[in-house]
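One structure is given here, and the rest of the page talks about it.
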Amino acid sequence: MDKKTATKNLDDVITKVEGARLRISEHHIVKIIGISKYSSIEDIKILYEAGQRAFGENKVQDLKTKSEELKDLPIEWHFVGTLQKNKINNLIDLNPTLIHSLDSLDLAIELNKKLEIKNKKLSALLQINSADEETKSGVSPKVAIETYKQIIEQCPNILLKGVMSIGAHTEDEKIIKESFKTTKKIYDELVPLGAKYCSMGMSSDFELAIACGSNMIRVGSTLFKD
Ligand SMILES: *Cc1c(COP(=O)(O)O)cnc(C)c1O
C-alpha cells in the first residue's frame, strides 16, 4: 500500500463515518480503530503517516511484535481477539489501551487475578454475542447486564468501559441491524454504570452499526486495501 492509497482509504472511511454519525447527531462522535491483523508493519506505518492513530490486533503475539517494532510512534493499541488464558500475562505486559473481547466472567476473574499480582489495571469491553451464534464468543444478551455487574463487583482491576459486538454473520441487513440494536440497548442500560464505548461495525457494516448507535468501529480490510 502506498501513501496515496492509504490517504484515500482513510478519507473514504472518514467520509462515510461523518455521514453516518451526522445522521444521528453532530454530537455523536465515532472513534475509528484500524484493525491491522492482516497487515504488515510497513502498511501500519503508512496509515499512521496518513493520520490514523489507533490500531488493533487479534493475536497477542502479533500485538507484541507490531507494537514493539512501532514503539517510537504514539500509537494507541487495542486488542480485539479471543484471549487465551495462557496469554493473559503477555497481554498485560503490552499494556493495551483497550481490550474489546472480554467474553466471559470466568476470563474476567482470571484476568483480574493476574492484574492484581502485577498491581496493574486495564480497560476492557464486555463482548456480547448479540445474535447468540454458536461460532462467536461473547456472553448472551440475556445475561450481559448481570455479567457486566458481576465483573464490576468481582474484578476491581478491570476498568469496564462498555460493550463490543460483531454483527450477525449473514447477508441479511435486517438481521445484522437487529444484532446491533440488541447490543446498543444493553449499552444504554450500562451507561449509568460507566459504559462509554459501544464497539460495533467492521468494514462491511460500519455505517449500519453507527446508525444503530455505535461509537467505536473496527475496520481492517477496507482501510488496508491496495
Ligand atoms: C478482523 C476483525 C475486524 C476487522 O474486520 P474487517 O472486515 O477486515 O474490517 C474487526 N473486529 C474484529 C474482532 C476482528 O477480528
Side-chain angles (χ1 to χ4, degrees), residues 1 5-6 8-17 20 30-41 43-44 46-47 50 52-67 75-84 87 91 94 96-104 107 123-139 144 161-173 175-177 179-180 182-184 187 197-226:
M1 191 173 59
T5 308
K8 180 173 188 316
N9 289 351
L10 187 55
D11 281 353
D12 286 351
V13 170
I14 289 171
T15 302
K16 286 178 179 163
V17 168
V30 177
K31 183 161 174 120
I32 301 169
I33 317 298
I35 303 300
S36 48
K37 64 186 182 199
Y38 299 130
S39 307
S40 65
I41 288 163
D43 280 355
I44 298 172
I46 291 169
L47 210 53
Q52 179 63 26
R53 289 293 178 272
F55 292 93
E57 288 287 330
N58 71 337
K59 295 208 170 76
V60 175
Q61 185 55 48
D62 292 345
L63 181 62
K64 183 176 163 65
T65 309
K66 291 176 182 175
S67 63
I75 288 175
E76 190 182 285
W77 288 101
H78 293 239
F79 184 75
V80 302
T82 303
L83 179 57
Q84 281 150 354
K87 302 282 167 62
L91 183 61
L94 296 172
T97 298
L98 186 64
I99 299 171
H100 292 232
S101 41
L102 200 59
D103 58 13
S104 69
L107 178 66
S123 296
L125 306 178
L126 180 64
Q127 183 172 352
I128 299 170
N129 186 355
S130 52
D132 268 324
E133 292 164 294
E134 255 173 49
T135 49
K136 281 203 185 91
S137 315
V139 299
K161 297 273 173 74
V163 295
M164 181 274 250
S165 271
I166 297 171
H169 184 72
T170 166
E171 301 279 296
D172 188 339
E173 201 179 280
I175 296 175
I176 301 173
K177 194 171 177 181
S179 71
F180 286 148
T182 297
T183 297
K184 173 58 162 53
Y187 168 74
Y197 301 117
C198 181
S199 170
M200 311 190 290
M202 319 201 323
S203 292
S204 60
D205 56 19
F206 68 87
E207 290 171 281
L208 181 62
I210 294 167
C212 296
S214 164
N215 61 13
M216 185 175 268
I217 62 168
R218 310 175 310 271
V219 284
S221 43
T222 198
L223 210 47
F224 284 96
K225 66 174 185 262
D226 282 318

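Whatever order the structure lists them in is the order used to number ligands and atoms, beginning at 1. Residue indices begin at 1 and follow the sequence shown.
When the salt bridge (charged side-chain N to carboxylate O under 4.0 Å, His left out) test is applied to Lys184, the partners found at least two apart in sequence or on another chain are Asp188.
For the atom pair OG1 (Thr15) and CG (Leu10), the distance works out to 9.0 Å, reported to the nearest 0.5 Å.
Asp226 places a side-chain N or O within donor-acceptor distance of the main-chain N or O of Met1, the cut-off being under 3.5 Å.
Here's the thing with Ile35: none of its N/O atoms is less than 3.5 angstrom from an N/O atom of ligand 1. Considering backbone and side-chain atoms alike, Ser221 places an N or O below 3.5 Å from some N or O of ligand 1. Residue Tyr38 has no nitrogen or oxygen atom sitting less than 3.5 Å from a nitrogen or oxygen atom of ligand 1, judged on distance alone.
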For this session: Decide yes or no on side-chain contact (heavy atoms from CB on, under 4.5 Å) for Leu98 and Ile33, but give the supporting numbers first.
Result: CA-CA 11 Å; Leu98 186 64; Ile33 317 298; over 6 Å; no
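For Lys8, the NZ atom is loosely surrounded, since the number of other residues' heavy atoms within 6.0 Å does not exceed 12. For Lys64, the NZ atom is loosely surrounded, since the number of other residues' heavy atoms within 6.0 Å does not exceed 12.
Listed by number with element, the atoms of ligand 1 under 4.0 Å from a non-hydrogen atom of Val219 are 9 (O).
Counting protein heavy atoms only, atom 9 (O) of ligand 1 is closest to Ser203 OG, 2.5 Å. The protein heavy atom nearest to atom 13 (C) of ligand 1 is Val80 O, 3.5 Å. Closest protein heavy atom to atom 10 (C) of ligand 1: Met202 SD, 3.2 Å. Among protein heavy atoms, the minimum distance from atom 14 (C) of ligand 1 is reached at Lys37 NZ, 3.0 Å. What sits closest to atom 11 (N) of ligand 1 on the protein, heavy atoms only, is Arg218 NE, 2.9 Å.
Nearest heavy atom pair, residue Val60 against residue Leu91, reads CG1-N, 3.9 Å.
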